[in-house]
There are 2 protein chains.
Amino acid sequence: MKVVALIEAPCCSPGARPISTEAAGDLAARFKALADPTRVAIVNRLAGTDEVCVCRLVEEFELSQPTISHHLRLLREAGLVTSERRGTWGFYRLVPEAIAGLRNALG
Amino acid sequence: MKVVALIEAPCCSPGARPISTEAAGDLAARFKALADPTRVAIVNRLAGTDEVCVCRLVEEFELSQPTISHHLRLLREAGLVTSERRGTWGFYRLVPEAIAGLRNALG
DNA sequence: GACCTTCATTGACGATCATCAATGTTACAG
DNA sequence: CTGTAACATTGATGATCGTCAATGAAGGTC
């Protein structure tokens, strides 16, 4: 697991400065986390509320619980969401700084 | 090939409204275009100049010409770049509105 | 203790992806 | 017309991905 800078220099809008190979790989890795419709929908869902229970995500999306868990893991590993366990339940939150970092990268 | 709205409603930052399944798939498709280090680097390269010749990209990246052509095709199909042929040479340009659309989607 | 619920992990499957060599296509030069 | 240069396309291969069923781990209830 790798820690990623949250503030990102623009890379992809006109006038952007050249970026390193490492930075390109770093960015691509986080864009890849959003490269699936289900994960975009999960992020969108989390963006609408403070936190959401995994059980609710499993309800709302017509996918198996392991599949939801899998997508959540990828989002978590990309630093876009955080998880917290309270008793039996698991709750996920958006990491606004991570989204902002990607936005900055785009311009 | 599908025409995609260039202006995007926020989807992934706090307070974003729920988006449709179609919109999620649409966004994911364009994020997928940026989900590869080479393609991020190409977009970054195009962002630094008005237009870039394919031959130059093949020179600069240590990849075969078909591979570069493949990545350019994906970027073009995602609407992130445009191509123009002048004689034997091919030139690619960034589509700033497409990048801006993605940025808007993120917040 | 035994049992149930919630979530994560594993293993397997077909599908998609990144890459390259080989080939096709188009434009220019002689 | 013959050759050459620039890109695109095709076909093949190994790697990664999305999905689910089965299983594991941990918390709560009785």
Side-chain angles (χ1 to χ4, degrees), chain A residues 1-2 21-22 24-46 51-93, chain B residues 1-2 21-22 24-46 51-93:
Chain A
M1 194 99 67
K2 187 161 173 305
T21 301
E22 188 189 356
D26 223 65
L27 268 175
R30 271 177 296 162
F31 282 130
K32 185 181 294 185
L34 292 177
D36 178 89
T38 297
R39 290 198 290 275
V40 168
I42 290 178
V43 167
N44 173 246
R45 180 66 179 80
L46 294 180
E51 65 182 12
V52 178
C53 179
V54 176
C55 60
R56 180 172 290 270
L57 294 176
V58 172
E59 279 178 22
E60 295 181 2
F61 295 84
E62 293 181 352
L63 289 171
S64 73
Q65 174 266 319
T67 297
I68 295 293
S69 197
H70 167 70
H71 287 305
L72 288 173
R73 189 231 281 255
L74 294 184
L75 288 173
R76 183 167 14 100
E77 288 178 351
L80 299 182
V81 307
T82 54
S83 65
E84 182 188 347
R85 245 195 131 104
R86 289 204 296 274
T88 314
W89 288 268
F91 297 88
Y92 277 75
R93 288 171 176 273
Chain B
M1 195 97 71
K2 184 160 173 309
T21 301
E22 188 188 358
D26 223 66
L27 267 174
R30 269 176 298 163
F31 281 129
K32 185 180 295 184
L34 292 177
D36 179 271
T38 298
R39 289 196 291 274
V40 168
I42 290 178
V43 167
N44 174 248
R45 180 65 179 81
L46 294 180
E51 64 181 13
V52 178
C53 179
V54 176
C55 59
R56 179 170 290 269
L57 295 176
V58 173
E59 277 178 22
E60 296 181 1
F61 295 84
E62 292 183 351
L63 289 171
S64 71
Q65 174 266 319
T67 298
I68 295 293
S69 198
H70 166 70
H71 287 305
L72 288 173
R73 189 231 280 255
L74 293 185
L75 289 172
R76 183 168 13 101
E77 288 179 351
L80 299 183
V81 307
T82 55
S83 65
E84 181 188 349
R85 229 171 148 121
R86 290 205 293 276
T88 312
W89 288 271
F91 296 88
Y92 277 77
R93 289 171 174 272

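Letters A, B, ... are given to chains in the order of the sequence lines, protein chains preceding strands, and every chain is numbered from 1. Quick caveat, the model's predicted, so the values are computed rather than measured.
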task: Determine the contact category for Leu63(A): base if any of its heavy atoms lies under 4.0 Å from a base atom, sugar-phosphate if only primed atoms, P, OP1 or OP2 are that close, otherwise nothing.
output: sugar-phosphate
field: Polar pair under 3.5 Å, donor/acceptor by atom type, side chain Gln65(A), base dA8(C)
entry: yes
- line: Separation of dA27(C) atom P from Trp89(B) atom CH2, nearest Å, is 13 Å
- line: Each base of DNA chain C marked ( ) or [ ] if paired in-strand (Watson-Crick or G-U under 3.5 Å), | if paired to another strand and . if unpaired gives ||||||||||||||||||||||||||||||
- prompt: Quick check: are there more than 12 heavy atoms from other residues, nucleotides or ligands sitting under 6.0 Å from CD of Glu62(B)?
  reply: no
Pairwise distance NE2(His70(B)) to CG(Leu63(B)) - rounded to 0.5 angstrom: 11.0 Å
message: Just the rounded figure in Å: distance from P of dG18(D) to CD1 of Ile42(A).
response: 11 Å
message: Would you compute the distance between atom SG of Cys53(B) and atom CD of Glu84(B) and round it to the nearest 0.5 angstrom?
response: 11.5 Å
- request: Give Arg39(A) one of three labels, base, sugar-phosphate or nothing, depending on what nucleic acid heavy atoms sit under 4.0 Å from its own.
  value: sugar-phosphate
Nearest-angstrom distance from the residue atom CD of Glu59(A) to C1' of dC7(C): 14 Å
- prompt: Checking Arg39(A) side chain against Lys32(A) main chain: does a donor-acceptor pair fall under 3.5 Å?
  reply: yes
message: Using whole Å, what does the distance between atom P of nucleotide dT25(C) and atom CZ of Arg85(B) come to?
response: 13 Å
Residue whose closest nucleotide on DNA chain D lies nearer the 5' end, Arg56(B) versus Ala35(A): Arg56(B)
- request: Looking at every strand, decide which applies to Tyr92(B) at a 4.0 Å heavy-atom threshold: base, sugar-phosphate, or nothing.
  value: sugar-phosphate
task: Quick one: pull up CZ in Phe91(A) and CZ in Arg56(A) and give me the separation to the nearest 0.5 Å.
output: 10.0 Å
task: Take the protein atom CG of Leu57(B) and the nucleotide atom C1' of dA6(D), then report the distance between them rounded to whole Å.
output: 13 Å
message: A cation-pi test, strictly: NZ or CZ of Arg76(B) under 6.0 Å from the centre of the six-membered ring of Tyr92(B) and no more than 45 degrees from its axis. Yes or no?
response: no
For Leu75(B), the option from Leu80(B), Leu46(B), Thr82(B) that meets side chain to side chain contact (heavy atoms under 4.5 Å, CB included): Leu80(B)
query: In whole angstrom, what separates Leu34(B)'s CG from dC17(C)'s C1'?
result: 16 Å
message: Base, sugar-phosphate or nothing for Leu74(A)? Non-hydrogen atoms, less than 4.0 Å.
response: sugar-phosphate
- request: Round to the nearest Å and state the distance from Leu72(B) atom CG to dT9(D) atom P.
  value: 11 Å
Candidates dT19(D), dC7(C), dC7(D) - which lies nearest the side chain of Cys55(A): dC7(C)
- line: When Thr67(A) and Lys32(A) are each assigned the nearest nucleotide of DNA chain D, the 5'-most assignment goes to Lys32(A)
- request: Would you mind telling me which of dC7(C), dC7(D), dC20(C) lies closest to the side-chain atoms of Cys53(A)?
  value: dC7(C)
task: Examine dA27(C): is either OP1 or OP2 under 4.0 Å from a nitrogen or oxygen in the side chain of Thr88(B)? Give yes or no.
output: no
message: With heavy-atom distances below 4.5 Å as the criterion, would you say the side chains of Leu72(A) and Leu57(A) are in contact?
response: yes
task: Send over the distance from Leu75(A) CG to dA8(C) C1', rounded to a whole Å.
output: 15 Å
message: What's His70(B) touching, base or sugar-phosphate or nothing? Going by heavy atoms closer than 4.0 Å.
response: base
- prompt: Are OP1 or OP2 of dA8(D) and a side-chain N or O of Ser69(B) less than 4.0 angstrom apart?
  reply: yes
